[in-house]
Amino acid sequence: MSAKTITRFAPSPTGWIHVGNLRTALMNYLIARKAGGEFILRIDDTDPVRSKEEYVDGIKRDLEWLGLHWDRVERQSLRMDRYEAAAEELRKMDRFYEAFETPTELDLKRKKQLNMGKPPVYDRAAMALTDAEKDALRADRGAGVWRFKLDRERIEWPDGILGDISIDAASVSDPVLIRGDGQILYTLASVVDDTDMGVTDVVRGSDHVTNTATQIQIMNALGGAVPSFAHHSLLTGPQGEALSKRLGVLALRDLRERGVKPFALLSLMSRLGSSDPVELRTDMAELIDGFDIGRFGSSPTKLDDADLMPLTARYLQTLSLEDVAAEVEAAGVPAELAAQFWDVTHDNITTLHDLAPWWKMFSEGAEPDIEPEDREFIAQAMTLLPDAPFDGQTWSNWTTAVKEATGRKGKGLFMPLRKALTGQAHGPEMASLMPLLQVLKARG
Ligand code: GLU
């Protein structure tokens, strides 16, 4: 009787998605794939003003880039009649009431309650209105909002991450499900969708815990099956600071532009905040296999985006020239040198953006770094530089000749030569680097 696992990622297309959204998307994706189930991309576009098509496209592009392929797309804006029908059902069963307070009035009520040491829960004053009073308010203020009447009992569920949750519904205001202008709100739309689409598992951020409590009651009222819920912890910066200030930097499209690779991101985000170690994975099947929602903890998860760089570098080391041929070509490397170039550079880059500077160095030469005491030595060494073309033997032939002529050896011999030719104290093996420098020589 175990139903097919169905999960969904449900972004609102009101902005670019960021690492926090990725965490939600990834967890839902991995759960579906691990169970051989279905992963739905649900576009929560009930807000016609803030939802933008360019964000829908951007979200799809980001997910595709990451390789998080969805089985189908659903759009809330196309399902309004379903939400209206659910609202009608709630009205019929007396779980829905119209309320007319202005935001200022509600604010005043909350302040009074707080002053009296009471929780700021909506007092249900609207439920006492007579039809005539409602008509008068409607004529005066326009249509009211529609609130769902919560059963004032404890709402409980075994959370996949937080453990057993118990929330007293009496401490929560009856949620507004339809705005005064008729706009259906996410809380209702999401319940209807999860039920209609047979969603079995919902993973989302812990900022949704109270939502979950009210949604469970709405689901029960409408006779829908309640999915399993898991709420992941908040992501913070490395010092525990709110990530929101840095969201601009951590939008997926920005990370992509900085050269971060999908598997670096996926490897980090599928483990960060869990008791399993972060390990670089280069295969989706391994990520799926190694994922366990039960290993995640409830405390805030610190994310340092700098960690994405070494993971990206290590990922690049696993690639062959075929995988990066386009980027190597874009860096200006001629086809006949591409293999050699990748061989020499792939261990010495953090992102593929580093390829162009390497090629510039090989093709145009670097600003030499020569210590004053080495000036004469370098001048003498340069006179001994073999003629082009350079090959795998050039470095050893050259340094042997320089050693014989100058008596220098070891680091005192090799380091000044490396710095003079490359401008850097570190980098690829000089023996394999020299053949690429023939371009410099040939261009004379
Ligand atoms: N659109 C909602 C959000 O972005 C979805 C929450 C949910 O997963 O139900 O927060």
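Since the model is a prediction, treat every value here as computed from it, not as a measurement. Counting starts at 1 for both ligands and their atoms, in listed order.
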Inset, instruction - Report the C-alpha distance between F9 and W70 in whole Å, list the side-chain angles of each, state the deciding distance to 0.1 Å, and finish with yes or no for ring-ring contact (aromatic ring centres under 6.0 Å, His included). - result: CA-CA 9 Å; F9 172 50; W70 53 89; 9.7 Å; no
Legend entry - Contact list for residues 109-147, test ring-ring contact (aromatic ring centres under 6.0 Å, His included), sequence neighbours left out: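 Passing the test, one end in residues 109-147: F96-W146.
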Inset, instruction - Establish, from distance only, whether the side-chain atoms of T7 and D201 form a donor-acceptor pair under 3.5 Å. - result: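 The answer is no; no qualifying pair exists.
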Legend entry - Check: T24/R204 side-chain N/O donor and acceptor closer than 3.5 Å: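 Result is no, nothing qualifies.
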Inset, instruction - Collect the protein residues that have a non-hydrogen atom under 4.0 Å from ligand 1 and hand them over in chain and number order. - result: R8, A10, S12, D44, Y186, S190, R204, H208
Legend entry - Pair K4 + E38: basic N to acidic O under 4.0 Å: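 Yes, charged N to carboxylate O under 4.0 Å.
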Legend entry - Atom NZ of K34 with >12 non-hydrogen neighbours under 6.0 angstrom: yes
